[in-house]
Colleague: 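Starting off with a structure, shown below.
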Amino acid sequence: MSNFAFSFSIISVMAGVTTTYNSGLRYGGPASMTLGWLVVAAFNGCVALSMAEICSAYPTSGGLYYWSAKLAGREWAPLASWVTGWFNIVGQWAATTSTDFSLAQLVQVIVLLGTGGANGGGYTASKYVVLAIHGFFLVLHGLINSLPIRWLSWCGKLGAFWNTAGAFTLVILIPAVAKERASAKFIFTHFNDDNGMGIHGKAYILALGLLTSQYSLLGYDASAHMIEETKNADWSGPMGIISSVALSTTFGWIFLVALTSIVTDIPYLLSPDNDAGGYAVAQALYDAFDRRYGRGAGGLVCVGVVAVGIFFAGAMCIASNSRMGYAFSRDRAMPLSRVWLRVSKNEVPLNVVWLSVVVAFVMALTLILVRVCVQSLGSQVAFQAMVSIATLGQYIAYALPIFFRVTTARRSFVPGPFHLGRYGVAVGWAAVLWVAFLTVLFSLPVAYPVAKDNFNYTPVAVGGVLLLSVGAWVVSARFWFEGPITNVDL
């Protein structure tokens, strides 16, 4: 149950849907989100099933990079492990950054609407205040992750309960309160091509809209990273992956449909001149309660429910990130590994917990500095780049061991208690091809003509991780890194 709770809390569909809703509404609108979710769910299910099968065979907190080493073959094991590990940990750092930064932005929007809104003299926090709020939540999450594992386990279960109960409540409450509701035809077929981004191809716009769904179903490798602290690991770990993805997919789609049912004026919700400063979900919820009761306080409570869900997701991101960093350091792949692999008397990797906090803050600080240097760079473009990096970084790490499973280890793979039988290879190839498609898709321009204020920095960041990891391998790591360290002969 605890293993499932960690992944389910990190995925946090309320958080994923809410924070990327603007992007989905802009690129394709309701049709791209509601129908796109089903497409993403099908292929993402293939990724989760393949990961669960490998997790059952190799239950270790190193997770993905350990799997790559075991599946790539003796000759390629060190390089495969090295590249997979670095994509995984950088993707996790970016996910932690985007989660807590989105929480800080949402808190700023709650304060803005609570003090009168952008058009009523409400308080608009500067980007530096938002950064300070981001840092505050990171520190809180660091403190939570410094507690003994039983307390962290309790926090994970509470997060799972909150995300389930919160989503269930909002799904019932939102359509019931709204006086104006969108029709089923609008929710499932309306296409928005008036995005102001200079993109006119419907297929292109729909594809870009998939980011909302893909980011919302991210982070379930936590079940693998927490597996050394899990009972019956070779069965509980895979079940944690599968059950968290299955339930998140179901709850997420229902929540998305309920939220879209109160969307009736897309240009207004996306406009930076509305009371929420262009934050579509907050504005829609605020308006729904305001029209029904004459005040939008109930909408702020709903947004607060989502914010608490994001808070739990951020805490679990640090938990997963720290276990991955600990395992990677245990195999001497991290700089200053001896520092990061130390554990406290409560058996918590404290040093790497706070390393995760610091790196996530530095990433957000870098995002702010880029916006300062490129004065015309919009916050939506910058945040979308961070979300894309988090999504691609982790999904590339997900796909690499699956690729080795269906190629070099196709005949030698020995499954664990959970396995896909004769369907394992076919499901694995579907997962690999889907991630390859995503890698190309999220690296494409998000606006035309391409300029410095709308440039998609995702390929630069993802390419940078690949270049730096391979470069470090060629220059140094190939002489000393041998992959995961084994202390027993099998």
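Starting from 1, each residue takes its place in the sequence as its number. Any value given below was found using the heavy atoms of this structure, including those in side chains, with hydrogens, waters and symmetry copies removed.
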Colleague: Minimum heavy-atom separation for Thr96 and Cys317, please, with both atom names.
Modeller: OG1-CB, 3.5 Å
Colleague: Which heavy-atom pair separates Trp340 from Pro335 by the least distance, and what is that distance?
Modeller: NE1-O, 2.7 Å
Colleague: Using 0.5 Å steps for rounding, measure from the OG atom of Ser244 to the CG atom of Leu217.
Modeller: 9.5 Å
Colleague: Apply side chain to side chain donor-acceptor pair (under 3.5 Å) to Ser476 and list each qualifying residue two or more places apart in sequence or on a separate chain.
Modeller: Trp480
Colleague: Just by distance, do the side chain of Thr18 and the backbone of Ala15 share a donor-acceptor pair under 3.5 Å?
Modeller: no
Colleague: Using atom types as modelled and distance alone, determine if a side-chain donor or acceptor of Arg478 lies under 3.5 Å from a backbone N or O of Val474.
Modeller: yes
Colleague: Cut-off 3.5 Å, no hydrogens considered: what does the side-chain donor-acceptor table look like for residues 35-48, sequence neighbours left out?
Modeller:
unit_1, atom_1, unit_2, atom_2, d
Trp37, NE1, Thr249, O, 3.0
Asn44, OD1, Tyr220, OH, 3.0
Asn44, OD1, Tyr395, OH, 2.4

Colleague: If I compare all heavy atoms of Ala280 with all of Leu25, which pair ends up nearest, and what's the gap?
Modeller: CB-CD2, 4.0 Å
Colleague: Just to verify, what does Phe418 make a ring-ring contact (aromatic ring centres under 6.0 Å, His included) with, not counting sequence neighbours?
Modeller: none
Colleague: For Tyr279, which residues count as a side chain to side chain donor-acceptor pair (under 3.5 Å) partner, sequence neighbours excluded?
Modeller: none
Colleague: Nearest heavy-atom pair of His419 and Pro415: which atoms, and what distance?
Modeller: CB-CB, 3.5 Å
Colleague: Could you pull out the closest heavy-atom pair between Ser337 and Ser329, with the gap in Å?
Modeller: CB-O, 3.4 Å
Colleague: Applying side chain to side chain donor-acceptor pair (under 3.5 Å), which residue pairs with at least one partner in residues 400-411 are found, sequence neighbours left out?
Modeller: Glu53-Arg405
Colleague: Report the distance from atom NZ of Lys127 to atom CD of Gln105, rounding to the nearest 0.5 Å.
Modeller: 12.5 Å
Colleague: So does Tyr27 get a backbone contact from the side chain of Ser32, meaning a donor-acceptor N/O pair under 3.5 Å?
Modeller: yes
Colleague: So Trp162 and Phe312, would you call those rings parallel, tilted or perpendicular, with 30° and 60° as cut-offs?
Modeller: tilted
Colleague: List in chain and number order the residues that pass side-chain contact (heavy atoms from CB on, under 4.5 Å) with Ala399, two or more places apart in sequence or in another chain; answer none if no residue qualifies.
Modeller: Val435
Colleague: The criterion is side-chain contact (heavy atoms from CB on, under 4.5 Å); which residues satisfy it with Cys55, sequence neighbours excluded?
Modeller: Trp67, Ala224, Ile227, Pro238, Ile241
Colleague: Which pair of heavy atoms, one from Ile310 and one from Leu106, lies closest together, and at what distance?
Modeller: CD1-CD2, 3.8 Å
Colleague: Distance check, rounded to the nearest 0.5 Å: Phe404 atom CZ versus Ile54 atom CD1?
Modeller: 10.5 Å
Colleague: Suppose we screen for side-chain contact (heavy atoms from CB on, under 4.5 Å). Which residues come up paired with Leu467, at least two apart in sequence or across chains?
Modeller: none
Colleague: Below 30° counts as parallel, above 60° as perpendicular, anything between as tilted: where do the rings of Trp82 and Trp473 land?
Modeller: tilted
Colleague: Please report the interatomic distance OG(Ser56) to CE(Met239), rounded to the nearest 0.5 Å.
Modeller: 8.0 Å
Colleague: Looking only at side-chain N and O atoms, does Tyr398 offer a donor or acceptor that is under 3.5 Å from a partner on Ser50?
Modeller: no
Colleague: Considering the options Leu131, Thr366, Val139, which one meets the side-chain contact (heavy atoms from CB on, under 4.5 Å) requirement together with Phe361?
Modeller: Leu131
Colleague: Distance check, rounded to the nearest 0.5 Å: Trp86 atom CH2 versus Leu468 atom CG?
Modeller: 10.0 Å
Colleague: Please enumerate all residues that pass side chain to side chain donor-acceptor pair (under 3.5 Å) together with Thr84, with sequence neighbours excluded.
Modeller: Ser68
Colleague: Sub-3.5 Å donor-acceptor pair from the side chain of Ser81 to the main-chain atoms of Tyr65, do we have one?
Modeller: yes
Colleague: Is any side-chain heavy atom of Phe168 closer than 4.5 Å to a side-chain heavy atom of Ile254?
Modeller: no
Colleague: Whether the side chain of Ser356 engages the backbone of Val352 through a donor-acceptor N/O pair (distance < 3.5 Å, no angle test) should be reported.
Modeller: yes
Colleague: Taking only residues two or more places apart in sequence or in another chain, which ones pass side-chain contact (heavy atoms from CB on, under 4.5 Å) with Val357?
Modeller: Leu138, Ile318, Trp354
Colleague: Nearest 0.5 Å please: distance from the CG atom of Asn145 over to the CG atom of Asn321.
Modeller: 9.5 Å
Colleague: For residues 425-434, dump all side-chain donor-acceptor pairs below 3.5 Å to protein atoms at least two apart in sequence or in another chain.
Modeller:
unit_1, atom_1, unit_2, atom_2, d
Trp434, NE1, Gln214, OE1, 3.1

Colleague: Strictly distance-based, threshold 3.5 Å: is any side-chain N or O of Asp100 a donor or acceptor partner for the main-chain N or O of His134?
Modeller: no
Colleague: Which residues satisfy the side chain to side chain donor-acceptor pair (under 3.5 Å) test with Thr391, sequence neighbours excluded?
Modeller: none
